[in-house]
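One structure below.
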Amino acid sequence: MADVADAIIKMITSRNNYNGGTLQPSDPLDKLGLDSMEVVSLTFDIEEKFNIELPFNANLDIKSKTVADLIETVNQLVAARTKTA
Amino acid sequence: MNRVVITGLGVVSSVGQSTKDYWDSLIAGRSGFAPATLGTAAQATSKLVGEVKGFDPAAHFEQSQLLLLDRVSQFAVVAARQAVKQSGLVLQNELAERAAAIVGTGSGGHTTVDEGFHRLYAEGAARLHPLTIPKAMISAAAGQVSLYCGTKGPAFAVSSACASATHAIGLAFHMVRSGSVTCAVPGGTAASITFGGMKGWEAMRIMSSDTCRPFSKDRKGMIIGEGAAMVVLESLDHARARRLWNLRLLTLTSGAKAEGEERPQSARPCRWRPTAARAGRKEGTRGSGPGRPPPTRET
C-alpha cells in the first residue's frame, strides 16, 4: 500500500507544473498546479504502472478529490485486480 | 484587394534543415535519398527514402513539449519558426489576432498512429497514451504552428495528397489578398516513413527502385520523403509599413493539382487547367513531380 502511495506521489511531484513543496495526502487534486494535459497524462501513467483502469473522466469535477482519495482508489483497484487474478 | 508578398521562408528536409543548407544542396545537386533508418521502416521496404537525417527534437523542444508533438508537427513548427524569424514579424496583440496558420499535410501524425496501433495490436497493450489523438490528428501540425508562432487567427489543416502544401499556401494567399487576415504562416509537412506507412506505399507498386526523375522519359516512380516547408505571407502594404523593400509579389491564379494522387485518373480531386494560361498571362505554376509514368488514358 505504501508503495502505491509513494509511486503516485512521485508521479505527481515530477510533473513540470507541480506547485512544489511537500505533498500532503489532504491536498486537493485541483490545487496541485497540474494542467489538464498533465492530469490525463498522470492518469495514463498510473494505469500503466498498476495495470488498472481508473474511473476518471477529464470532463468531470475533481475539486472534491484529494491525493489521499486517489491513492485509496488505486489501492482498491489493485486489490480487486489481485483478487481476480 | 491586397497585393501579397512572401517575407519569410523555412524548411526542414533531407537535404538541409535551413533555407541556406537546402538551397546549397539544390545547387550542388545533392540527393537526400538513402535506405530507411527510422524505427522499423527498413523492415518494410528496401527502397530509398528521403529522411531528415540528424534531426534532433531535443535541440528544438523541451521534453515536456515533445509529449504533444508528433514528428510531423515538429518539422512544421521548426520550419515555421524559421520563416517567422526571417520575416521579422512580431506576432502579438492585434497582428496575432489577424494572423493565420494553415498547414497542408497528407496524413497527419503517422508515427503516432503507427506506434500506437503496434502497441495495441502487436503488444496487446490495454490503452493508448492520452495524447495520441492530439498528436495524430491531421490538424495537429496547424495547431502547434499556431501555438509556437503566436498566431491567434484561423488555424487549420488542408489535406489534398501531394498538393496539400500548395493548397494551404494558395488558401492563405487568398485570405491575405481579401483582407480577412493581415498575414499568414502556411506551408506543408510530412512524416510518414514508418513501418505501416512504407508497407502502404509498397503495396501501391509505384515507388522507384533507384531514384526519382520527375518529367524524365525513363522515370520509374516516386520516392517517399519527409520534412516541412513553411512561408510567411503578408500584404504588400503591411510589409512596406515595416520598411521592407525589394519584395517580390506573389501571384497565384490557379488551383493545385494533386498529381501524387494515385487513384484512377478520372477520380482525381480536381482537374486542373492553369487559369493563367487560359488568360494568356505569364504567371507561376507549380509542377508536381512524383515521377510516375504517364497515364495510359487521358481523361
Side-chain angles (χ1 to χ4, degrees), chain A residues 4 7-21 23 29-63 65 67 69-71 73-85, chain B residues 39 56-74 76-77 101 103 108-109 111-152 155 157:
Chain A
V4 170
I8 289 175
I9 288 170
K10 190 175 180 183
M11 286 181 197
I12 293 172
T13 55
S14 64
R15 304 279 147 179
N16 273 358
N17 290 326
Y18 173 61
N19 283 337
L23 189 68
L29 292 174
D30 66 326
K31 301 293 184 188
L32 301 175
L34 309 189
D35 62 28
S36 58
M37 288 292 188
E38 287 177 316
V39 170
V40 290
S41 178
L42 172 67
T43 305
F44 173 78
D45 288 347
I46 292 172
E47 290 182 334
E48 283 286 278
K49 180 163 183 65
F50 298 107
N51 192 23
I52 56 174
E53 292 282 343
L54 280 172
F56 167 72
N57 183 323
N59 297 311
L60 301 181
D61 183 18
I62 61 168
K63 285 179 182 174
K65 301 293 183 185
V67 173
D69 292 333
L70 175 62
I71 292 170
T73 300
V74 173
N75 274 326
Q76 288 175 3
L77 290 168
V78 170
R81 177 174 57 76
T82 307
K83 193 175 179 181
T84 57
Chain B
D56 180 14
H60 304 282
F61 304 100
E62 301 290 333
Q63 202 56 41
S64 59
Q65 295 175 316
L66 288 170
L67 286 173
L68 250 176
L69 293 166
D70 183 275
R71 189 170 172 86
V72 78
S73 295
Q74 295 171 26
V77 170
V103 181
T111 307
T112 300
V113 172
D114 208 56
E115 291 177 353
F117 286 180
H118 184 267
R119 275 175 51 80
L120 282 183
Y121 302 141
E123 299 175 356
R127 62 190 65 81
L128 288 175
H129 192 277
L131 302 181
T132 299
I133 297 299
K135 284 171 70 178
M137 60 189 184
I138 206 149
S139 60
Q144 295 299 336
V145 166
S146 174
L147 286 168
Y148 280 89
C149 292
T151 66
K152 294 182 179 176

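Quick note on labels: first sequence line is chain A, next is B, and so on, each numbered from 1.
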Can you tell me which portion of B:L68 sits under 4.5 Å from chain A's heavy atoms? Options are side chain, backbone, both or neither. side chain
So for atom CD1, which belongs to B:I133, do other residues, nucleotides or ligands contribute more than 12 heavy atoms lying within a distance under 6.0 Å? no
Taking side chain as everything from C-beta outward and backbone as N, CA, C, O, which of these in A:L42 sits under 4.5 Å from a heavy atom of chain B? Side chain, backbone, both or neither. neither
side-chain contact (heavy atoms from CB on, under 4.5 Å) partners for A:V67, two or more places apart: A:I12, A:L23, A:D27, A:L29, A:L32, A:I71
Please tabulate the donor-acceptor pairs under 3.5 angstrom that span chain B and chain A, backbone and side chains included.
from   : atom 1 : to    : atom 2 : distance (Å)
B:S64  : OG     : A:N16 : ND2    : 2.8
B:R119 : NH2    : A:E48 : OE1    : 3.3
B:R127 : NE     : A:E47 : OE1    : 3.2
B:R127 : NH1    : A:E47 : O      : 3.4
B:R127 : NH1    : A:E48 : OE2    : 2.8
B:R127 : NH2    : A:I52 : O      : 2.8
B:R127 : NH2    : A:E53 : OE2    : 3.3

